[in-house]
Amino acid sequence: MTEAKLEAWLEETRSFAPSAEFSKQANAQPSIYADAAADPVAWWRTQADRLAWTTAPTKSLEWDLPNAKWFSDGMLNASYTCVDRHVEAGNGDKVAYHWVADAEGEGRTITYGELQKLVAQAANALTELGVKEGDRVAVYMPMIPEAVVAMLAVVRLGAIHSVVFAGFSAEALSSRILDSDCQFVVTADGAFRRGTPSPLKPAVDEALESCPNVKAVLVVRRTGGEVKWNEGRDYWWHDVVERQSDEHTCKSFPSEQTMFIMYTSGTTAKPKGIYHTTGGYLTHVSATHEYIFDVKPETDVCWTAADIGWITGHSYIVYGPLINGVTQVMYEGLPDSGGKDRWWKIIAENKVTILYTAPTTIRTLMKWGHEWPQGHDLSSLRLLGTVGEPINPEAWMWYREYIGGGKCPIVDTWWQTETGGILITPLPGITATKPGAAMTPFPGIDADIVDNDGNSVGNGEGGYLVITAPWPGMTRGIYGDPERFKETYWSRFPGKYFAGDGAKRDDDGDIWLLGRIDDVMNISGHRLSTTEVEHALVGHPSVAEAAVVGASDETTGQAIVAFVTLKMSAEDASEDQVIVIEELRNHVAKVIGPIAKPRQIILTPELPKTRSGKIMRRLLRDVAENRSLGDVTTLMDPTVVNMIAGLMDSDADSEE
Ligand code: PRX
């Protein structure tokens with residue numbers, strides 16, 4: 001498709017009907033919606049049969065709002081369900097992961113049989129280090145196979161993993177370790193980024209200075225080189241894991257056993273420990289993976305290009321695909337490690353059939369130009385997916401045309417850390433797709449869009465996205481804070497789960513996600529709260545006050561813009577502005593992680609406040625996005641906001 005044709009195409013709104021050929025062989029057939037709607041709980045119970053239960057559940061849902069239990073009298077082992085049972089079924093030689101390293105030509109292929117042995121050894125090692133059922137284990141790892149092995153080994157023991165994205169800072173890591181009282185950490189000496197080693201262990205050492213309860217740290221050697229060693233606390237993976245027996249007999253645990261915690265940003269400064277349990281979560285991720293990605297375990301090669309430090313990695317790199325017994329690609333590096341066509345080489349070399357990634361990455365790849373993919377054979381691809389933020393139609397079309405060759409269905413999947421798995425999505429072979437729309441709730445999911453009073457909106461109207469009935473993969477709560485769970489998700493519209501997203505129903509009744517309506521920002525598909533970044537900024541000794549907004553950004557979806565007043569006088573500040581701003585950006589990176597570095601910091605003598613002293617972020621967002629200002633009459637001093645707009649303009653000029 002030429003650029004001109006693409007532009008002409010975008011002028012009209014269109015939908016793509018599934019091809020007859022795809023529909024015929026699709027895992028999901030149209031009757032799936034009616035089957036699930038007839039009795040959603042019973043339908044989910046049949047889906048639970050895909051797990052290797054040692055005691056099959058007789059109960060399905062027990063619902064005492066906001067507390068759900070799914071399949072509560074069933075017993076199983078998550079790691080056995082993901083790995084061992086495939087080996088026992090004779091599929092031990094099937095490839096589980098083609099692990100592709102940051103450096104070209106380096107990598108490793110791991111079969112289900114090998115994975116079983118690695119997990120058994122790791123489970124034995126963790127047992128030797130003292131990990132027991134119910135213990136929390138923090139995993140702070142790059143995208144290497146040992147990260148998956150560690151997760152599976154932890155849940156094999158009935159313990160709970162808390163994977164912390166390796167891009168988070170020492171401070172962010174320690175607060176997560178402390179919040180759920182993790183006594184063990186699995187990490188690596190470092191990670192490779194475009195061929196350069198980037199250390200991880202020093203961040204763990206720094207984090208643990210404030211975490212006295214951590215008894216053991218298991219360290220994978222990935223980059224080599226010197227690391228500081230804490231004798232009696234630190235253990236090399238190759239010393240402790242590799243000498244273990246590769247057999248491990250596992251116990252079964254109740255379906256409602258907590259399996260993992262994943263911290264995510266809410267509207268307060270403190271991230272929430274969202275926890276998930278076993279049977280319902282595994283049922284949900286396995287069913288959604290099978291139907292939405294239409295996976296055929298014999299022939300497909302799935303690549304979820306995400307990090308295991310986020311929920312997408314948990315659900316669609318580890319648990320869903322392993323339960324379904326598919327072959328996957330797991331990639332360590334950045335999209336341009338080794339060149340801007342690295343992704344396309346990986347797809348061609350591994351004959352990837354299903355690619356799942358975030359709009360922000362698609363936009364970056366698009367910016368680099370279609371000549372990069374065009375040099376490679378991408379004909380193996382048969383389905384594309386996106387997740388994490390609304391996808392703009394241009395990026396959707398580019399993905400379809402240049403990556404999918406105009407023939408691959410695209411599934412735009414909406415979900416959250418809290419939902420465990422996908423809730424709103426087209427089903428390939430059934431749903432006609434529209435560029436930019438997530439379309440329709442997955443079978444067995446009841447979603448609605450409501451107005452301020454909680455009433456359903458009609459077609460052509462927008463409102464708040466809510467989920468109106470419990471689903472198996474839903475979080476069971478915020479670790480250690482049941483009240484906050486109820487308050488955050490179940491009180492805005494009593495009886496309904498409030499997702500925090502705005503959405504609209506188009507004239508055909510299809511769902512479009514419009515982004516967060518609360519103080520949560522979405523930066524390159526990463527969730528961060530404005531309050532969290534403000535909190536980091538005011539923690540700096542020179543900062544008096546800070547207000548942070550998410551402003552729309554062509555590549556990253558949203559970008560962080562911070563308005564900061566300093567304690568020092570304006571004259572002093574103006575002399576060193578560039579240095580101060582750089583220091584503040586680095587300070588935020590140190591407190592939270594590099595992903596939280598503001599794109600722009602505007603130093604201002606004042607912030608716009610209402611007469612009652614509340615900072616008016618809405619106006620700051622208007623300023624940051626260069627929009628005409630809304631109502632300023634409630635401001636204590638209406639001139640402040642114009643002054644800030646002026647500062648913003650001069651900042652933009654100085655960047656040009
Ligand atoms: O705002 C929605 C956005 O990402 C948020 C959830 O972020 P997180 O818990 O980090 O999980 C991301 C990966 C599942 C949602 O509240 N979001 C996620 N998927 C989409 C989306 N926004 C629009 N379209 C999507 N497909």
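As the structure lists them, so they are numbered: ligands from 1, and atoms in each ligand from 1. We count residues from 1, following the sequence as given.
- Considering only heavy atoms from C-beta on, Pro443 comes within 4.5 Å of Trp43 through its side chain.
- Between Trp310 and Phe168, the gap from one ring centroid to the other is short of 6.0 Å.
- In this structure the side chain of Ile445 reaches within 4.5 angstrom of the side chain of Trp44, judged on heavy atoms.
- Between Lys270 and Asp179, at least one side-chain N (NZ, or NE/NH1/NH2) sits under 4.0 Å from a carboxylate O, which counts as a salt bridge.
- For atom 2 (C) of ligand 1, the closest non-hydrogen atom of the protein is Asp501 OD2, 3.0 Å.
- For atom 10 (O) of ligand 1, the nearest protein heavy atom (residue, atom name, distance) is Arg527 CD, 3.5 Å.
- Taking every non-hydrogen atom of Val387 and a distance limit under 4.0 Å, the qualifying atoms of ligand 1 come out as 13 (C), 14 (C).
- The protein heavy atom nearest to atom 13 (C) of ligand 1 is Thr312 OG1, 3.5 Å.
- Looking at Ile430 and Tyr33, their side chains come closer than 4.5 Å, going by heavy atoms from C-beta outward.
- Look at Pro390 and you'll find a heavy atom under 4.0 Å from some atom of ligand 1.
- Contact annotation: Gly500 has no heavy atom less than 4.0 Å from any atom of ligand 1.
- Electrostatic pairing of Lys434 and Asp510 counts as a salt bridge here, judged by a charged N lying under 4.0 Å from a carboxylate O.
- Listed by number with element, the atoms of ligand 1 under 4.0 Å from a non-hydrogen atom of Asn522 are 3 (C), 4 (O).
- Between Thr413 and ligand 1, at least one N/O pair is under 3.5 Å apart.
- With a 4.0 Å heavy-atom cut-off, ligand 1 is reached by the backbone of Glu389 but not by any atom from C-beta on.
- Which parts of ligand 1 touch Trp415 is read off a 4.0 Å heavy-atom cut-off, strictly below it: atoms 6 (C), 14 (C), 15 (C), 18 (C), 19 (N).
- Look at Lys272 and Asp481 and you find no salt bridge, because none of the NZ, NE, NH1 or NH2 atoms lies under 4.0 Å from a carboxylate O.
- When atom types are taken as modelled, the side chain of Trp70 and the backbone of Trp471 share a donor-acceptor pair closer than 3.5 angstrom.
- Residue Leu513 touches ligand 1 through its side chain alone, judged by heavy-atom distances below 4.0 Å.
- Residue Asp412 places at least one N or O, backbone or side chain, under 3.5 Å from an N or O of ligand 1.
- The existence of a salt bridge linking Arg50 and Glu290 is confirmed by a sub-4.0 Å separation between a basic side-chain nitrogen and an acidic carboxylate oxygen.
- Residue contact check: Gly388 has heavy atoms under 4.0 Å from atoms 3 (C), 4 (O), 17 (N), 18 (C), 19 (N), 20 (C), 21 (C) of ligand 1.
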